[in-house]
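Quick one: structure below, then a few questions.
Because the structure is a prediction, the values reported are computed rather than measured. Letters go in sequence order (proteins before strands), and every chain restarts at 1.
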2 protein chains.
Amino acid sequence: MARATATTEDSLSSELIRAAGVKVTRGRVRVLDALRAARQPLSHAEMEALPAGAGDAAIDRVTLYRVLDSLVACGLALKAVDTRGVFRFSAAGSQRQHAKHVHFRCTGCGGVFCLKAEPPPPPRLPRGFRLQQVEFDLRGLCAGCGAGTS
Amino acid sequence: MARATATTEDSLSSELIRAAGVKVTRGRVRVLDALRAARQPLSHAEMEALPAGAGDAAIDRVTLYRVLDSLVACGLALKAVDTRGVFRFSAAGSQRQHAKHVHFRCTGCGGVFCLKAEPPPPPRLPRGFRLQQVEFDLRGLCAGCGAGTS
DNA sequence: CCACTAATGCAACAGTGTTGCATTTGAAGG
DNA sequence: CCTTCAAATGCAACACTGTTGCATTAGTGG
Ligand SMILES: [Mn+2]
Ligand SMILES: [Mn+2]
Ligand SMILES: [Zn+2]
Ligand SMILES: [Zn+2]
């Protein structure tokens, strides 16, 4: 049952990658799979620590960076920096959904939490500026990280 | 004239540091001075490249990190990450003004630009979460960085 | 199955930030 | 002034994140 689901997701990731016009490699499939399954954006370190599927060898550190860059370049993943200055990646499909609400970013653990409020429309920009993304972020400590504080 | 102004600002920085209850050192005065004079948040690298005042020796790299941390710890400076994942620091006084408007963050150069629109009020948070900062950011390329692109 | 390009693995490197420890210095009191 | 002592500094070494160069491997299209 769990196996069947995993296989289905694997195929879908492969299909997305093929449709994007780049080579379908084990690394890309595994990484996109992980991104699509994740509920929060993942850092490079977190993905490197992912359990290798079924007897699959671990992905090389540099290759993982390049796989992530390639997924971003072909539009299948998004890249953004967390509050600690570390890049986090998410599957591109999930951003349409995340564009519709506000986020809370924990300064303690770098985690990203989805809130239910929706962001306001963007204001006008100065001449020559190109808007790529709108982000209405709340920063602070999540319930876990703020537990010990006064 | 310029000398008189500089002296005045130096004194004010010293006074702020003294009032914060920490030792007044050359490094702290110079750094807080630079932060108060800056129109945008400054990175560690940018501050390290600052011209040494008048025959003053350059500040040690590690000491600069510790000076910045101490200014943040005593509430005289703010620390936030830019779109490239590098920390930037600003004088604490300047944030009251920056809290009243929206910012554009350039993904090319990491620069921060102040817009005239004001941010909307924050939504409710889940139980246990502590809000420290609200940020309504627009991301993209500034006029300089986007010049060469199609 | 072949050929050809894109992707990978490995080593070495760069930038940013941290830790440990010996030395210096600011500030408080004598 | 001079003494004292915690706090701040300078330096070396380190950790983490991300990049570059280059030889080898593996997709893909024929
Ligand atoms: Mn979300
Ligand atoms: Mn501003
Ligand atoms: Zn947290
Ligand atoms: Zn720019």
Next item on the list: For A/Met47 and D/dG18, give me the distance from atom CE to atom P, rounded to whole Å.
Entry: 12 Å

Note to self: From C-beta outward on A/Arg66, which listed nucleotide comes closest to its side chain: D/dT17, C/dT8, C/dT18?
What the structure shows: C/dT8

Notebook entry, point to check: When the distance from CD of B/Glu48 to C1' of D/dG10 is rounded to whole Å, what number comes out?
Noted result: 13 Å

Item checked: Spacing of B/Arg88 atom CZ relative to C/dT16 atom P, expressed in whole Å -> 10 Å

Item checked: Given D/dT20, D/dC11, C/dT16, the nucleotide with the shortest approach to the side chain of A/Val62 ->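 Among D/dT20, D/dC11, C/dT16, the one nearest the side chain of A/Val62 is D/dT20.
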
Check: Which whole-number value in Å describes the distance from A/Arg28 CZ to C/dA6 P?
Finding: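 Those two atoms, CZ and P, are 11 Å apart.
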
Note to self: Going by side-chain hydrogen bond (donor to acceptor under 3.5 Å, both in side chains), B/Arg105 matches just one of B/Thr83, B/Asp137, B/Asp82. Which one?
What the structure shows: B/Asp137

Notebook entry, point to check: Going from NE2 on A/His103 to CD on B/Glu135, what distance comes out if it is rounded to the nearest 0.5 angstrom?
Noted result: 15.0 Å

Note to self: Do B/Lys116 and B/His101 have side chains that approach each other closer than 4.5 Å (heavy atoms only, starting at C-beta)?
What the structure shows: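 They are not in side-chain contact.
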
Next item on the list: Would you mind reading off the distance between B/Asp60 atom CG and C/dT24 atom P, rounded to a whole angstrom?
Entry: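 Rounded to whole Å, this separation is 15 Å.
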
Item checked: Side-chain touch A/Arg30/A/Val67, heavy atoms, less than 4.5 angstrom ->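 In short, these two side chains do not touch, never coming nearer than 4.5 Å.
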
Note to self: Is there a path of hydrophobic side-chain contacts, each under 4.5 Å between heavy atoms of I/L/V/M/F/W/Y residues, joining A/Leu35 to A/Val22?
What the structure shows: yes

Checklist line | Lys/Arg N to Asp/Glu carboxylate O, A/Glu46 vs A/Arg88, below 4.0 Å | finding: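 Yes, charged N to carboxylate O under 4.0 Å.
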
Next item on the list: Answer with yes or no whether B/Arg61 presents, from its side chain, a donor or acceptor under 3.5 Å of a partner atom in the base of D/dG10.
Entry: no

Next item on the list: On DNA chain C, check which nucleotide each of A/Thr63 and B/Lys79 is closest to and give me the residue with the more 5' one.
Entry: A/Thr63

Next item on the list: Indicate the ring-plane relationship of A/Phe129 and B/Phe104, choosing parallel, tilted or perpendicular according to the 30° and 60° boundaries.
Entry: perpendicular

Next item on the list: Could you state the atom-to-atom distance from CZ of A/Arg30 to P of C/dA7 in whole Å?
Entry: 18 Å

Distances under 3.5 Å only, N/O to N/O: pair up the protein atoms with those of nucleotides 24-30 of chain D.
{"from": "D/dT28", "atom 1": "OP1", "to": "A/Val24", "atom 2": "N", "distance (Å)": "2.6"}

Check: Quick one: A/Tyr65 OH to C/dG9 P, roughly how many Å, whole number?
Finding: 15 Å

Check: Rounding to a whole Å, what distance do you find between A/His44:NE2 and C/dG15:C1'?
Finding: 16 Å

